[in-house]
Protein chains: 2
Amino acid sequence: MFSLRLQGGLPLSEQLEARIAELIISGEMAENEKLPAVREVAKELTINPNTVQKTYRQLEQRGLIYSLPGKGSYVAERSQYSSAVLKRATEEFSRAVGDAAKSGLTKEIMTAVIDAVINKEGEI
Amino acid sequence: MFSLRLQGGLPLSEQLEARIAELIISGEMAENEKLPAVREVAKELTINPNTVQKTYRQLEQRGLIYSLPGKGSYVAERSQYSSAVLKRATEEFSRAVGDAAKSGLTKEIMTAVIDAVINKEGEI
DNA sequence: TAACTGTACTATTCTTATTAGTACAGTTAT
DNA sequence: ATAACTGTACTAATAAGAATAGTACAGTTA
């Protein structure tokens, strides 16, 4: 089961969605790998099954998972959601760039930040 | 008075804060320019004076405005908040870059997005 | 059949944002 | 001095949304 520290003011379902999406996109969860059952996650995290179900529903709408009633929920194949993920990420990043520009961040500063973050990501 | 279309799920006070901050940072509101009175804004936007006051309080904490009890609230001088604004913007942008990277956006794509957004910003 | 799975509801509780109302002190102009 | 502003600081009530609780149904698997 995935560990998860729920915190912050964000809705639980969104926090859980973000975490699972991260696991899927990063590849930590393999294609067609079975997700833990709704009730199991709820029990583990001591939250309500409805909250988990909501998360699964949203992930399915994003194309990250698919659900087989009676069987379970599974990680979708990359080809199914890859372009959607990139589109979503690009849109969000565009908005972030616009916000940064409004605050006076120059293109040079932004590229410097990107380098710094990318390098940090690559660390062990 | 500033126009403002309140929408979205975000708290009113935060929406208002973001809008006024934008006006100040962009220079649309000059240094030491007087902001409309709390009660006036509330009346104009048909929201509660307390909500506006909360907004002003938060803007003052960020150093974007200063309030003189009995006189009014005014746009702070750039030298007062400039570095704080850049720091905040850089932090938020770093987070955005990290999120984008997690979704698979490459450095090249990010810089391309920056160029696109910056050029669009410059348009008339 | 028993035990699992996802899904779909309704009702209730909790939390938080927002509203409503009042009050006080400083400023400004009449 | 007075009237009309200003920001500020509260408490109480309301509204909205998230989360919980509970139940039910249908498909799958051993």
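Letters A, B, ... mirror the listed sequences (proteins, then strands); counts begin at 1.
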*Atom NZ of Lys54(A) and atom P of dG17(D): how far apart are they, to the nearest Å?*
11 Å
*Inspect the surroundings of NZ in Lys43(B) and state if more than 12 heavy atoms from other residues, nucleotides or ligands are less than 6.0 Å away.*
no
*Select from Pro69(B) and Ser73(A) the residue whose nearest nucleotide in DNA chain C is closer to the 5' end of that strand.*
Ser73(A)
*With both distances kept under 3.5 Å, what pairs with dA13(D), Watson-Crick or G-U wobble?*
dT18(C)
*To the nearest Å, give me how far apart CG (Leu59(A)) and C1' (dT7(C)) are.*
16 Å
*Indicate, with a heavy-atom threshold strictly under 4.0 Å, whether Arg57(B) touches base, sugar-phosphate, or nothing.*
nothing
*For Glu60(B), which contact category applies under a 4.0 Å heavy-atom criterion: base, sugar-phosphate, or nothing?*
sugar-phosphate
*asked:* Just the rounded figure in Å: distance from P of dG7(D) to CD of Gln61(B).
replied: 17 Å
*What pair of heavy atoms forms the shortest contact from Ala21(B) to Leu64(B), and how long is it?*
CB-CD1, 3.7 Å
*Whole-Å distance separating the CD atom of Gln15(A) from the C1' atom of dG17(D)*: 15 Å
*Does Lys71(A) have a side-chain nitrogen or oxygen under 4.0 Å from the phosphate oxygens OP1 or OP2 of dG6(C)?*
no
*Short side-chain N/O contact to dT20(D) OP1/OP2 from Thr51(A), under 4.0 Å*: yes
*Name the pairing partner of dT29(D), where a pair is Watson-Crick or G-U wobble with both distances under 3.5 Å, or state none.*
dA2(C)
_CD1-CD1 distance between Ile114(B) and Ile109(A), expressed to the nearest 0.5 angstrom_ = 11.0 Å
*Whole Å only: how far is the OH atom of Tyr74(B) from the P atom of dT6(D)?*
10 Å
*Where each residue is assigned the nucleotide of DNA chain C containing its nearest heavy atom, which of Val38(A) and Asn50(A) is assigned the position nearer the 5′ end?*
Val38(A)
*asked:* Go nucleotide by nucleotide along DNA chain D from the 5' end; which of Asn48(A) and Gly70(A) gets its closest nucleotide reached first?
replied: Asn48(A)
*Does a salt bridge link Glu17(A) with Lys54(A), judged by any charged N lying under 4.0 Å from a carboxylate O?*
no
*Which of the following nucleotides, dT5(C), dA19(D), dT8(D), is nearest to the side chain of Lys34(A)?*
dT5(C)
*For Ile65(B) and dT8(D), give me the distance from atom CD1 to atom P, rounded to whole Å.*
8 Å
*With heavy atoms under 4.0 Å as the rule, sort Glu14(B) into base, sugar-phosphate or nothing.*
nothing
*Considering heavy-atom distances to DNA chain D, does Leu68(B) or Pro11(A) have its closest nucleotide positioned more toward the 5' end?*
Leu68(B)
*Is there a path from Tyr74(A) to Tyr56(A) through hydrophobic residues (I, L, V, M, F, W, Y) whose side chains come within less than 4.5 Å of each other?*
no
*For dA11(C), which nucleotide is its Watson-Crick or G-U wobble mate, given both distances must be under 3.5 Å?*
dT20(D)
*Please name the residue in the list Leu59(B), Val41(B), Leu35(B) that meets the side chain to side chain contact (heavy atoms under 4.5 Å, CB included) test with Ser73(B).*
Leu35(B)
_Separation of dC5(D) C1' from Gln53(B) CD (nearest whole Å)_ = 16 Å
*Please state how far atom CG in Leu12(A) lies from atom P in dA21(D), giving the value in whole angstrom units.*
12 Å
*State whether Ser67(A) places a side-chain N or O below 4.0 Å from either non-bridging phosphate oxygen (OP1 or OP2) of dT5(C).*
no
